[in-house]
Undergrad: 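Here you go, one structure.
Here the structure is a predicted model, which means the values were calculated and not measured. A note on names: the letters A, B, ... follow the listed sequences, proteins ahead of strands, and every chain is numbered from 1. All heavy atoms count here, side chains included; hydrogens, waters and symmetry mates do not.
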Amino acid sequence: MVMKGRVIPRDFYRKDPLLVARRLLGQLLVRLWKDVRISGIIVEVEAYYGSEDPASRASRGGTLAKVMAGECGRALVYGVHGQWLLNVVAHEPGEVGAVLIRALEPLEGIEMMMENRRVRDIRSLTSGPGRLTRALVVDKSFNGKPLYTRNYGLWIEWGCEIRDELIVRSHRVGVREDLNEPMRLYVKDNPFVSRP
DNA sequence: CGCCAGATTGACT
DNA sequence: GTCAATCTGGCGG
């Protein structure tokens, strides 16, 4: 792709969360940590909406809802079950939404990730929302930070295009009450997709 | 402040 | 496959 290697601009995220989720597959999540580029290809995502979405934390109000209603392209980081989960705020103007990044295929800085995660098997490095934040050293301090600039050491850049035939759509993982529409997307047969 | 559910993980049968 | 440790944020007192 022509744009490969460039940071994805803010306007990319000003769309319906499911559409943004689809377009995020194949792009690169990059973390600059200790002068080392740690990155991975996004291979699994989930779309979340506002008050109409029973699985969304935004439907319960509070700080998270505010961030999800705020500026697109910013990180939304919050804790569940002792893990930090990384989302990108994404929605149409006046709406509420975000995309959860659930799994990466490790690309650069793999040794650094291994150090951060202390695992033997490379397949468990970044195959889960809590795992990838540990591997890339992402925590609450990134909450609200823009991901459309390199300024904060965490951003998303153009990677590769993934054909429609390679994309699987399913219901979201770990939610009590899901929407009728499946909101989870992942790359078919990719070994780094989290366990269903 | 205490309570508790939850967009999870890793260890174990 | 099962199961409990984990800890933040929302909410009630």
Undergrad: Using a 3.5 Å distance criterion without hydrogens, assess whether the side chain of A:T126 forms a donor-acceptor pair with backbone atoms of A:L104.
TA: yes
Undergrad: So, the side chain of A:N143 versus the backbone of A:V77: is there a donor-acceptor pair under 3.5 Å, distance only?
TA: yes
Undergrad: Taking 4.0 Å as the cut-off, does a side-chain nitrogen or oxygen of A:T63 come that near to OP1 or OP2 on C:dG10?
TA: yes
Undergrad: With a 3.5 angstrom cut-off on both distances, give the Watson-Crick or G-U wobble partner of B:dA11, or none if there isn't one.
TA: C:dT2
Undergrad: Over how many whole Å does the gap from A:K66 atom NZ to C:dG10 atom C1' extend?
TA: 12 Å
Undergrad: Classify A:S124 by what it touches in the nucleic acid, base, sugar-phosphate, or nothing, heavy-atom distance under 4.0 Å.
TA: nothing
Undergrad: Please check: side-chain N/O of A:R31 versus main-chain N/O of A:V137, any donor-acceptor pairing under 3.5 Å?
TA: yes
Undergrad: Categorize A:R172 for me: base, sugar-phosphate, or nothing, with a 4.0 angstrom heavy-atom threshold over every strand shown.
TA: nothing
Undergrad: Quick one: do A:F192 and A:L86 end up in the same hydrophobic cluster if we chain Ile, Leu, Val, Met, Phe, Trp and Tyr together by side-chain heavy atoms under 4.5 Å apart?
TA: yes
Undergrad: Take atom CG of A:N87 and atom P of B:dA7, then tell me their distance rounded to the nearest Å.
TA: 11 Å
Undergrad: Within this structure, what is the CG-to-P distance between A:L185 and B:dA7, rounded to whole angstrom?
TA: 18 Å
Undergrad: Would you tabulate the pairs of protein nitrogen or oxygen atoms and nucleotide nitrogen or oxygen atoms of nucleotides 2-7 of chain C closer than 3.5 angstrom?
TA:
unit_1	atom_1	unit_2	atom_2	d
C:dT6	O2	A:H81	O	3.4

Undergrad: Check this for me, if you would: do A:K4 and A:E157 make a salt bridge, where the nitrogen-to-carboxylate-oxygen distance has to be below 4.0 angstrom?
TA: no
Undergrad: Please state whether the phosphate of B:dA7, meaning OP1 or OP2, lies under 4.0 angstrom from any side-chain nitrogen or oxygen of A:R176.
TA: no
Undergrad: Rounding to a whole Å, what distance do you find between A:Y49:OH and B:dA7:P?
TA: 17 Å
Undergrad: Using whole Å, what does the distance between atom P of nucleotide B:dG6 and atom CD of A:E177 come to?
TA: 10 Å
Undergrad: Could you state the atom-to-atom distance from CG of A:L86 to P of B:dA7 in whole Å?
TA: 16 Å
Undergrad: Measure from CG on A:L64 to P on B:dA5 and round the result to the nearest Å.
TA: 18 Å
Undergrad: If you compare every side-chain N and O of A:R57 against the phosphate oxygens of C:dG10 (OP1, OP2), does one of them come in below 4.0 Å?
TA: no
Undergrad: Starting at atom CG of A:N143, determine the distance to atom P of C:dT8, rounded to an integer number of angstrom.
TA: 13 Å
Undergrad: Check A:A47 against A:A21 and note the closest heavy-atom contact, atom names and distance.
TA: CB-CB, 4.5 Å
Undergrad: Atom OG1 of A:T133 and atom CG of A:N116: how far apart are they, to the nearest 0.5 Å?
TA: 10.5 Å
Undergrad: Does A:R117 make a side-chain N or O approach to OP1 or OP2 of B:dG10 shorter than 4.0 Å?
TA: yes
Undergrad: Can you identify which nucleotide, out of C:dG10, C:dT8, B:dT8, has its nearest atom closest to the A:W84 side chain?
TA: C:dT8
Undergrad: Should A:Y78 be counted as stacked on C:dG9, where stacking needs a ring-centre gap under 5.5 Å and an angle between planes under 30 degrees?
TA: no
